[in-house]
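All chains are named by letter (A, B, ...) in the order of the sequence lines, taking the proteins before the strands, and each is independently numbered beginning at 1. Since the structure is predicted, the reported quantities are computational estimates derived from the model, not experimental observations.
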2 protein chains.
Amino acid sequence: MGGMTGSPARTGANLGGRPAATSAHKLAEVAQELFLDKGFSETSVDDIAAAAGVSGRTFFRYFATKADVLWINTPIELDRVREGLEAAPAGERYQDTLCLVVPTAYVHSPRERVWALQRAELVIREPAVQAPMSPHLADFRDVVAAFVARRLDCDPADMVPVAVSASALSATMTAHEYWVSHPSEDLPSLIERMLRLMLPRLDGV
Amino acid sequence: MGGMTGSPARTGANLGGRPAATSAHKLAEVAQELFLDKGFSETSVDDIAAAAGVSGRTFFRYFATKADVLWINTPIELDRVREGLEAAPAGERYQDTLCLVVPTAYVHSPRERVWALQRAELVIREPAVQAPMSPHLADFRDVVAAFVARRLDCDPADMVPVAVSASALSATMTAHEYWVSHPSEDLPSLIERMLRLMLPRLDGV
DNA sequence: CAGGTTATGTCAGCCACTGACAAAAGTAAA
DNA sequence: TTTACTTTTGTCAGTGGCTGACATAACCTG
């Protein structure tokens with residue numbers, strides 16, 4: 001499962017208690033600015049917290065690690081992928097469905113693009129960014145594996161769904177990496193091309 | 001491009017200087033024992049250094065990070081893969097070559113098996129282990145991409161070699177992950193099956 | 001024995017991250 | 001308004017990974 005993203009969780013109705021001085025999104029926004037300005041490793045957690053007007057300890061009540069601030073939106077994006085896969089016509093070839101649905105999660109507005117590009121570079125370069133990413137990658141694979149297992153009427157833990165979901169993930173990440181060295185290209189179409197190349201053809205299996 | 005693995009590098013002939021009190025392999029061996037005994041995160045770098053009879057600072061003269069001690073042998077194994085790919089008959093289908101050569105890098109003697117299994121679990125669970133792994137993964141992909149580019153007479157940075165090398169890596173890692181939850185299976189054959197499933201068929205591309 | 005070389009130990013320090021606890025700032029009931 | 005309860009925040013001390021600076025130990029050559 002993903003991070004913790006918002007530990008001080010106001011559970012439903014407001015029944016007293018000190019109001020939160022910040023929020024996960026506020027911290028993520030501030031961090032994003034600092035990262036774009038000074039760089040990831042040059043920005044300390046205390047810098048982020050200070051810029052958000054809270055103490056350093058509070059940051060870790062909202063995010064488990066410094067890098068988790070990069071993935072605050074991914075659960076929502078993944079939900080869109082999941083819904084897209086569930087809504088796809090059952091007759092469609094599974095590869096076509098994936099090639100159609102997965103890239104839609106990575107369409108960015110021009111202003112988002114700058115941030116997405118820097119984040120992709122960080123994923124490649126910074127070990128501290130790669131480490132806490134794996135739960136999100138696992139979530140992605142789980143969604144794809146569940147979709148494939150449904151189509152093939154088998155267990156998601158079988159080799160085929162596992163292989164397909166790993167391929168889909170690898171294609172997506174490889175497309176991102178390719179995008180970093182070719183920033184003028186369109187990321188969603190890069191992802192689609194990588195998926196077409198890398199998704200297993202299940203005819204003879 | 002891997003780690004540093006042996007910073008105090010005696011460059012050729014011995015022309016004086018204090019003799020090394022330890023070695024990268026000695027540290028790796030001691031660390032391996034401690035990891036198997038107490039666990040990775042429960043073992044501090046100072047523990048390893050103390051068990052090897054050196055100071056904690058010295059450890060970091062041999063390894064850039066605590067986890068790098070796990071990958072001390074991978075450059076050699078990768079060399080074997082590279083040589084195997086170079087020696088393969090040119091007429092063979094590229095997928096057959098990869099399915100034949102890659103798994104050979106992961107045949108373990110019974111005693112190595114225990115260690116390899118624990119290391120595979122660490123790769124899945126411990127973020128601190130995943131982080132410094134990426135240079136090694138990049139090396140692996142470079143070797144495969146170079147091989148494919150040679151076969152297809154194109155640039156290793158083109159989409160096809162990039163996609164194939166990413167698939168080969170993903171298949172290898174997925175096989176390891178599958179192995180962890182099915183330890184009785186044979187790792188090399190798992191890798192081969194995953195490669196057969198995941199390697200792109202380049203007929204129509 | 002002197003001079004050059006290489007590795008090591010010590011020390012101070014940064015930063016990510018954590019547990020414990022007290023204090024702040026709200027709300028609801030008395 | 002006072003009291004009690006709730007939730008978040010700040011402070012503080014501490015661990016552990018990791019680094020730079022510097023002195024010193026140990027070896028070789030002359």
Side-chain angles (χ1 to χ4, degrees), chain A residues 3-27 31 34-35 38-70 122 126-133, chain B residues 3-27 31 34-35 38-70 122 126-133:
Chain A
M4 21 146 46
T5 302
S7 189
R10 189 128 282 185
T11 49
N14 190 342
L15 290 149
R18 176 174 176 169
T22 183
S23 69
H25 281 87
K26 165 84 173 182
L27 285 169
L34 291 175
F35 290 166
K38 307 195 304 178
F40 178 82
S41 52
E42 289 74 21
T43 304
S44 76
V45 169
D46 282 332
D47 290 339
I48 302 170
V54 294
S55 80
R57 186 65 181 88
T58 292
F59 178 92
F60 289 107
R61 294 201 171 95
Y62 286 89
F63 297 99
T65 74
K66 172 184 169 184
D68 274 335
V69 91
L70 300 175
L122 285 180
E126 297 279 348
V129 174
Q130 297 162 4
M133 191 174 34
Chain B
M4 23 152 37
T5 301
S7 191
R10 190 126 281 186
T11 50
N14 191 340
L15 289 149
R18 175 173 177 169
T22 183
S23 69
H25 281 87
K26 165 84 173 184
L27 285 168
L34 290 175
F35 291 165
K38 306 195 304 179
F40 178 82
S41 52
E42 289 74 20
T43 304
S44 76
V45 170
D46 283 332
D47 290 339
I48 302 170
V54 294
S55 81
R57 186 65 180 88
T58 292
F59 177 93
F60 289 108
R61 294 201 171 93
Y62 288 89
F63 297 99
T65 74
K66 171 183 169 183
D68 274 334
V69 90
L70 300 175
L122 286 180
E126 298 278 348
V129 174
Q130 297 162 5
M133 191 174 35

Roughly how many Å is it from [atom1] in [X] to [atom2] in [N], rounded to a whole number?
X	N	atom1	atom2	result
A:E42	C:dC14	CD	P	17 Å
A:I48	C:dA16	CD1	P	8 Å
B:E126	D:dG16	CD	P	14 Å
A:D46	C:dC14	CG	P	12 Å
A:F59	C:dC15	CZ	C1'	13 Å

Please walk me through it: do B:D47 and B:K38 pass side-chain contact (heavy atoms from CB on, under 4.5 Å)?
-> CA-CA 11 Å; B:D47 290 339; B:K38 306 195 304 179; 3.0 Å; yes
Report the residue (A:K66 or B:T58) whose heavy-atom-nearest nucleotide on DNA chain C is the more 5′ of the two.
->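 In this pair, the answer is B:T58.
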For B:G53 and for A:S44, find the nucleotide of DNA chain C with the closest heavy atom, then tell me which residue's nucleotide is more 5'.
->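 Nearest-nucleotide comparison on DNA chain C picks B:G53.
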Lys NZ or Arg CZ of A:K66 over A:F40 ring: under 6.0 Å, within 45° |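 That pair qualifies as a cation-pi contact.
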N or O in side chain of A:S55 less than 4.0 angstrom from D:dT11 OP1/OP2 = no
Verify the contact: side-chain N or O of B:Y62 to OP1 or OP2 of C:dT8, cut-off strictly under 4.0 Å; return yes or no.
->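 Looking at the OP1 and OP2 atoms of C:dT8, one of them is under 4.0 Å from a side-chain N or O of B:Y62.
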Atom CZ of A:F63 and atom CD1 of A:I48: how far apart are they, to the nearest 0.5 Å?
-> 9.0 Å
Are any side-chain N or O atoms of B:T43 and backbone N or O atoms of B:G39, one a donor and one an acceptor, separated by less than 3.5 Å?
-> yes
Validation row: [X], [Y] side chains within 4.5 angstrom (heavy atoms):
X	Y	value
B:V54	B:F59	no
B:L70	B:M133	no
A:V69	A:F35	yes

Going 5' to 3' along nucleotides 18-24 of chain C, which nucleotides have protein heavy atoms under 4.0 Å from the base (write B), which only from the sugar-phosphate (write S), and which from neither (write -)?
-> BBB---B
What nucleic acid atoms does B:T22 come within less than 4.0 Å of, heavy atoms only: base, sugar-phosphate, or nothing?
-> sugar-phosphate
Contact class for A:T43 vs. all strands (heavy atom < 4.0 Å): base, sugar-phosphate, or nothing?
->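 Sugar-phosphate contact only.
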